[in-house]
Amino acid sequence: MRGHPHRGEAGRQVTAAVPVAERGAEIGRRIGVGLMYGLWRPRVLGSWRVPAGGPVILAVNHSHNIDGPMVMGTAPRGTHFLIKKEAFVGPLGSFLEGIGQLKVDRSVADRTAITDALAVLEGGGVLGIFPEGTRGDGDFASLRAGLAYFAVRSGAPIVPVAVLGSTERRGRLIKGLPPLRSRVDVVFGDPFEAVEGARSSNEGGGGRRAGGSGRRTRKALDEATVRIQDRLTGHLDTARRLTGR
């Protein structure tokens with residue numbers, strides 16, 4: 001990737017690995033379809049809003065552990081989620097890597113995770129992010145800077161995603177999961193740019209590949225974060241009205 005700390009042969013290896021990772025993400029999507037629709041009854045609204053090609057970031061609220069798998073199984077494209085490194089243990093870790101998921105150490109500025117995430121976007125893939133960082137109320141009330149950085153750096157549009165209903169009731173068989181065959185709503189919103197007017201600066205360059213505005217100052221990231229939070233909370237309100245949740 002040009003202009004990134006991984007240059008030369010290492011950079012070419014990262015870029016070359018993206019098609020393999022994309023195949024893994026598509027396998028993960030198909031597995032997710034079987035599991036999510038087999039165990040629960042997802043109601044999916046607005047999935048057509050996800051761009052059919054090119055880089056895109058799915059910004060997902062996070063209140064339950066099934067939120068990520070639910071989006072993987074309902075999104076129209078294979079998704080690479082940034083997942084805490086603690087989940088990559090034993091066979092589960094190998095499985096997550098095999099389906100194109102990205103390990104991140106949340107305690108530090110994880111340069112490997114940053115490189116991998118930007119490589120997904122540079123290759124025209126879909127990056128999934130929980131912008132709140134950790135599981136909570138799922139209301140987008142507190143965003144970390146990572147989403148703004150990836151969006152500004154890559155120029156990829158953001159699609160807000162609201163997962164609703166995953167925490168309403170506890171299952172009888174497995175207390176930590178929603179009741180089997182219960183309904184979970186997944187609502188995709190309209191794509192938007194982290195930096196206002198960024199789309200026009202990226203047009204005319206021979207395709208909708210990742211390519212940011214270049215404004216990665218603290219002020220630019222802070223402004224992007226405010227804009228992103230406004231759009232995400234607005235989408236969540238709309239999703240709640242649409243679903244009655």
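A donor-acceptor contact shorter than 3.5 Å is absent between the side chain of Asp237 and the backbone of Gly234. Of the possible donor and acceptor atoms, none in the side chain of Arg231 sits under 3.5 Å from a partner among the backbone N and O of Glu193. Within the 3.5 Å criterion, the main-chain N or O of Thr79 finds a donor-acceptor partner in the side chain of Gln101. The backbone N or O of Arg181 lies less than 3.5 Å from a partner atom in the side chain of Arg41, making a donor-acceptor pair. Between the side chain of Asp110 and the backbone N or O of Asp105 there is at least one donor-acceptor pair closer than 3.5 Å.
Looking at Val187 and His235, their side chains come closer than 4.5 Å, going by heavy atoms from C-beta outward. Side-chain contact between Phe95 and Ile31: present, with at least one pair of heavy atoms (C-beta onward) separated by less than 4.5 Å. Residues Tyr37 and Val44 meet the side-chain proximity criterion, which asks for heavy atoms closer than 4.5 Å. You'll find the side chain of Asn61 reaches within 4.5 Å of the side chain of Glu132, heavy atoms only. Residues Val159 and Pro51 meet the side-chain proximity criterion, which asks for heavy atoms closer than 4.5 Å. By the 4.5 Å heavy-atom criterion applied to side chains, Trp40 and Leu177 are counted as neighbours. Side-chain contact between Pro131 and Leu232: present, with at least one pair of heavy atoms (C-beta onward) separated by less than 4.5 Å. Under the 4.5 Å side-chain criterion, counting only non-hydrogen atoms from C-beta, Leu221 is in contact with Val152.
If you take CG on Asp67 and CG on Leu164, they are separated by 9.0 Å, rounding to the nearest 0.5 Å. Here the CZ-CG distance, from Arg241 to Leu236, works out to 10.0 Å after rounding to the nearest 0.5 Å. Interatomic distance, Glu122 CD to Thr115 OG1, rounded to the nearest 0.5 Å: 12.5 Å. Rounding to the nearest 0.5 angstrom, the gap separating the CZ atom in Phe88 from the CG atom in Leu102 is 7.0 Å. The CE atom of Met70 sits 5.5 Å away from the CE atom of Met36 when rounded to the nearest 0.5 Å. Here the CZ-CD1 distance, from Phe130 to Ile83, works out to 7.5 Å after rounding to the nearest 0.5 Å.
When all heavy atoms of Pro55 and Pro157 are compared, the pair lying nearest together is O-CD, 3.2 Å. Scanning both residues, Arg240 and Arg245, for their nearest heavy atoms gives CB-O, 3.0 Å. The heavy-atom pair separating Leu82 from Phe150 by the smallest distance is CD1-CE1, 3.7 Å.
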**Request:** Could you give me the CA-CA distance, side-chain angles and deciding distance for Trp48 and Phe188, then say whether side chain to side chain contact (heavy atoms under 4.5 Å, CB included) is met?
**Result:** CA-CA 8 Å; Trp48 54 268; Phe188 295 84; over 6 Å; no

**Message:** Before you tell me yes or no, could you show the steps for Ile99 and Met72 under side chain to side chain contact (heavy atoms under 4.5 Å, CB included), namely the whole-Å CA-CA distance, both residues' side-chain angles and the distance that decides it to 0.1 Å?
**Reply:** CA-CA 11 Å; Ile99 60 172; Met72 288 178 63; 3.8 Å; yes

**Prompt:** After noting the C-alpha distance and the side-chain angles of Glu22 and His80, does the key distance pass the side chain to side chain contact (heavy atoms under 4.5 Å, CB included) rule?
**Reply:** CA-CA 8 Å; Glu22 288 301 310; His80 306 262; 2.7 Å; yes

**Message:** Show, in sequence, the C-alpha distance, side-chain angles and deciding distance for Arg29 and Arg77, and conclude whether the side chain to side chain contact (heavy atoms under 4.5 Å, CB included) test is met.
**Reply:** CA-CA 7 Å; Arg29 187 187 73 83; Arg77 298 171 59 187; 5.5 Å; no

**Prompt:** What's the verdict on salt bridge (charged side-chain N to carboxylate O under 4.0 Å, His left out) for Arg218 and Asp222, showing C-alpha distance, side-chain angles and the deciding distance?
**Reply:** CA-CA 6 Å; Arg218 171 53 57 187; Asp222 287 345; 3.6 Å; yes

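Linking ILVMFWY residues whenever their side-chain heavy atoms come closer than 4.5 Å, directly or via other members, places Leu39 and Leu92 in the same cluster. Leu96 and Leu35 fall within the same hydrophobic cluster, defined by Ile, Leu, Val, Met, Phe, Trp and Tyr side-chain heavy atoms under 4.5 Å apart, directly or through other members. The hydrophobic cluster containing Ile57 does not contain Val226, counting ILVMFWY residues as joined when their side-chain heavy atoms lie under 4.5 angstrom apart, directly or transitively. No continuous path of hydrophobic side-chain contacts links Val56 to Leu45 [ILVMFWY only; heavy atoms under 4.5 Å].
Each of Pro69, Pro42, Ser47 was compared with Thr74 under the side chain to side chain contact (heavy atoms under 4.5 Å, CB included) criterion, and only Pro42 meets it. Applying the side chain to side chain contact (heavy atoms under 4.5 Å, CB included) test between Leu58 and each of Ile129, Val71, Leu127, Ile158 identifies Val71 as the sole match.
A salt bridge links Lys219 and Glu223; the closest N-O separation between the charged side-chain nitrogens and carboxylate oxygens is under 4.0 Å. Taking a cutoff of 4.0 Å between a charged side-chain nitrogen and a carboxylate oxygen, Arg23 and Glu26 do not qualify as a salt bridge.
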